[in-house]
Number of protein chains: 2
Amino acid sequence: MTKPATREQIIETADRLFYQQGFNHTSFSDIAAQLNISRGNFYYHFQTKDDILQSVIEARLEKTREMLKRWEEEASTPKARIKKYMQILNTNWDKIQYYGCPVGTLCTELAKLNHASLPEANRLFTLFRNWLREQFIQLGCEENADELAMQVLAWSQGVATLANAFADKKFAQQEVRKMCNWLDNYNK
Amino acid sequence: MTKPATREQIIETADRLFYQQGFNHTSFSDIAAQLNISRGNFYYHFQTKDDILQSVIEARLEKTREMLKRWEEEASTPKARIKKYMQILNTNWDKIQYYGCPVGTLCTELAKLNHASLPEANRLFTLFRNWLREQFIQLGCEENADELAMQVLAWSQGVATLANAFADKKFAQQEVRKMCNWLDNYNK
DNA sequence: GTCTATACAGGGATAGAC
DNA sequence: GTCTATCCCTGTATAGAC
């Protein structure tokens, strides 16, 4: 068992700090301090800060794919799988409370920075969107599956933004309950 | 008719750039370049960059109050007034497409920056929240007026985030229609 | 692979002339 | 009120020793 390669550690730490502080506001010094490496060392592993962002997004895409796969193994019905998504707001509340949704806030920031990696970041949304659509198709909603997927995406996204702004856990929990109820009563 | 005071021009330009580029990513040079004033001149009108942000938020609060007042004059029923809010996504689409919701994106950024003015920025949300709640009370939903206000807020917030990420106007329009339909059928 | 030293640009902020 | 000049710090990035 070898120790994690420095490159992987950089990606991991950058991932966390980009989420907590934003991409633009996270400096090499911030990352270096957490890892006890020098600033100069970065440039052996990456050419620019944007390259680190690229790798962070790729890592997030991969982790998300694995999570969706896990959900499919853990839940046997489409509705149960969709609820796994809806429950993230509770599962990850400790982070969402302070930093919002990792996907939404990254895309929002990159849009304002007019950053070249925005399309890559959007693929995170697309991943969830396509997965949710597939679940709605399995539920028998072929004709409007994508619309429903976007609706669920938007709902949780809005709740994340407001719950983050107001640091309101009860609101988040209540909305998750409402989402699940809506789903239970949908297409019955 | 005197020409607008420099102080007001700074606030106005900072307001626009903070929205378009984000607070952190907007420099004194950016604002100065737009106004053809020198960087040094800022410090006659403001002590720090954070002070400019404070003034920008105050200006937004004031403009929002005026807008809500106008809506009350223009629309005679609670439902018509709530629809004014829902329609913003269409009215301001040209900006939202590129920069998202001015309230949500500011609060999201300030949360990540751990910025002292976050509570002030949140008051923008509260302004809409209280106004929407009042409309729902007038609609006869005393018991859950605040919950409904938050729901409408979250819905439009989520749509703004997704529509911004995907630059999808049709999605935004369709969701506005769905919101209005939902409202029409509510409490009938 | 990792370090130190350093270059260079850009940030916010101050001093003082006009 | 507005300017120029300047300070100091932090940011990304590079060069080269180890």
Side-chain angles (χ1 to χ4, degrees), chain A residues 1-57 59 106 109-110 112-118 120-121, chain B residues 1-57 59 106 109-110 112-118 120-121:
Chain A
M1 178 81 187
T2 63
K3 68 165 185 173
T6 300
R7 188 189 151 87
E8 302 312 312
Q9 286 187 304
I10 291 174
I11 294 172
E12 199 179 317
T13 303
D15 188 353
R16 198 181 76 247
L17 291 182
F18 288 174
Y19 176 39
Q20 294 175 343
Q21 312 181 337
F23 166 71
N24 204 35
H25 191 239
T26 299
S27 67
F28 285 86
S29 298
D30 290 336
I31 305 170
Q34 300 255 331
L35 291 174
N36 280 313
I37 63 173
S38 70
R39 271 170 303 156
N41 194 357
F42 282 99
Y43 294 89
Y44 175 80
H45 301 282
F46 300 92
Q47 296 213 339
T48 68
K49 191 184 174 186
D50 288 346
D51 286 347
I52 301 181
L53 176 61
Q54 270 292 128
S55 296
V56 165
I57 294 174
L106 180 64
E109 180 180 5
L110 296 185
K112 290 213 196 259
L113 297 179
N114 210 2
H115 195 285
S117 288
L118 175 58
E120 275 298 293
Chain B
M1 176 84 186
T2 63
K3 67 167 187 176
T6 301
R7 188 190 152 87
E8 302 312 312
Q9 286 188 304
I10 292 174
I11 294 172
E12 199 179 318
T13 303
D15 188 354
R16 197 181 76 247
L17 292 182
F18 289 174
Y19 175 40
Q20 294 175 341
Q21 312 180 337
F23 167 70
N24 205 34
H25 190 239
T26 299
S27 68
F28 284 86
S29 300
D30 291 335
I31 305 170
Q34 299 255 333
L35 291 174
N36 280 312
I37 63 172
S38 70
R39 273 171 300 155
N41 194 356
F42 282 99
Y43 294 89
Y44 175 78
H45 301 282
F46 300 93
Q47 296 214 339
T48 68
K49 191 183 175 187
D50 288 345
D51 286 347
I52 300 181
L53 175 61
Q54 270 292 128
S55 295
V56 165
I57 294 173
L106 180 64
E109 182 182 5
L110 295 185
K112 289 211 196 261
L113 297 180
N114 210 1
H115 196 286
S117 288
L118 175 59
E120 275 300 291

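Chain A is the first sequence line, chain B the second, and so forth, proteins listed ahead of strands; every chain is numbered from 1. Worth knowing before you read on, the calculation uses all heavy atoms, side chains too, and leaves out hydrogens, waters and symmetry mates. As the structure is a computational prediction, the values presented were derived from the model and not from experiment.
Contact annotation for D50(B): no contact, since no heavy-atom pair falls under 4.0 Å across all strands. When heavy atoms are screened at a 4.0 angstrom cut-off, F28(A) is found touching the sugar-phosphate backbone but no base atom.
Under 4.0 angstrom from either OP1 or OP2 of dT2(D) there lies no side-chain N or O belonging to S38(B). At dT14(C), none of the side-chain N or O atoms of Y43(B) fall inside 4.0 Å of OP1 or OP2 (strictly under the cut-off). Distances shown here put a side-chain N or O of H45(B) below 4.0 Å from the OP1 or OP2 atom of dT2(D). Put simply, T6(B) has a side-chain N or O that comes within less than 4.0 Å of OP1 or OP2 on dT2(D). Between S27(B) and the phosphate of dG11(C), there is a side-chain N or O to OP1/OP2 separation shorter than 4.0 Å. An OP1 or OP2 oxygen of dG12(C) is reached within less than 4.0 angstrom by no side-chain nitrogen or oxygen of T48(B). At dC3(C), one or more side-chain N or O atoms of N41(A) fall inside 4.0 Å of OP1 or OP2 (strictly under the cut-off).
Between Y43(B) and F28(B), the distance from one ring center to the other falls under 6.0 angstrom.
A cation-pi contact links K49(B) to F23(B), judged by a cut-off of 6.0 Å to the six-membered ring centre and 45° from its axis.
At whole-Å resolution of the value, CZ in F42(B) and P in dC3(D) are 10 Å apart. As rounded to whole Å, 9 Å separates atom P of dG12(C) from atom CG of N24(B). Put simply, CG on N36(A) is 16 Å from C1' on dG1(C), counting in whole angstrom units. Regarding Y44(A), its OH atom lies at a distance of 18 Å from the P atom of dT4(C), rounded to whole Å. Atom CG in L35(B) sits about 16 Å away from atom P in dG1(D), given to the nearest Å. Remark: C1' of dT10(D) and NZ of K49(A) are 12 Å apart, rounded to the nearest angstrom. Atom-to-atom, CD1 of I37(B) to P of dG1(D) comes out at 13 Å; the value is rounded to the nearest Å. In this structure, the CD1 atom of I31(A) is 11 Å from the P atom of dG11(D), given to the nearest Å.
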Q) When you look at I37(A) and I10(A), which way does the side-chain contact (heavy atoms from CB on, under 4.5 Å) test go after all the steps? A) CA-CA 10 Å; I37(A) 63 173; I10(A) 291 174; 4.1 Å; yes

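A distance of 11.0 Å separates CD in E12(A) from CG in L17(A), rounded to the nearest 0.5 Å.
Looking at residues two or more places apart in sequence or on another chain, you find a side chain to side chain contact (heavy atoms under 4.5 Å, CB included) between S38(A) and N41(A).
You'll find that the side chain of R39(B) is closest to dG12(C), out of dG11(D), dA13(D), dG12(C).
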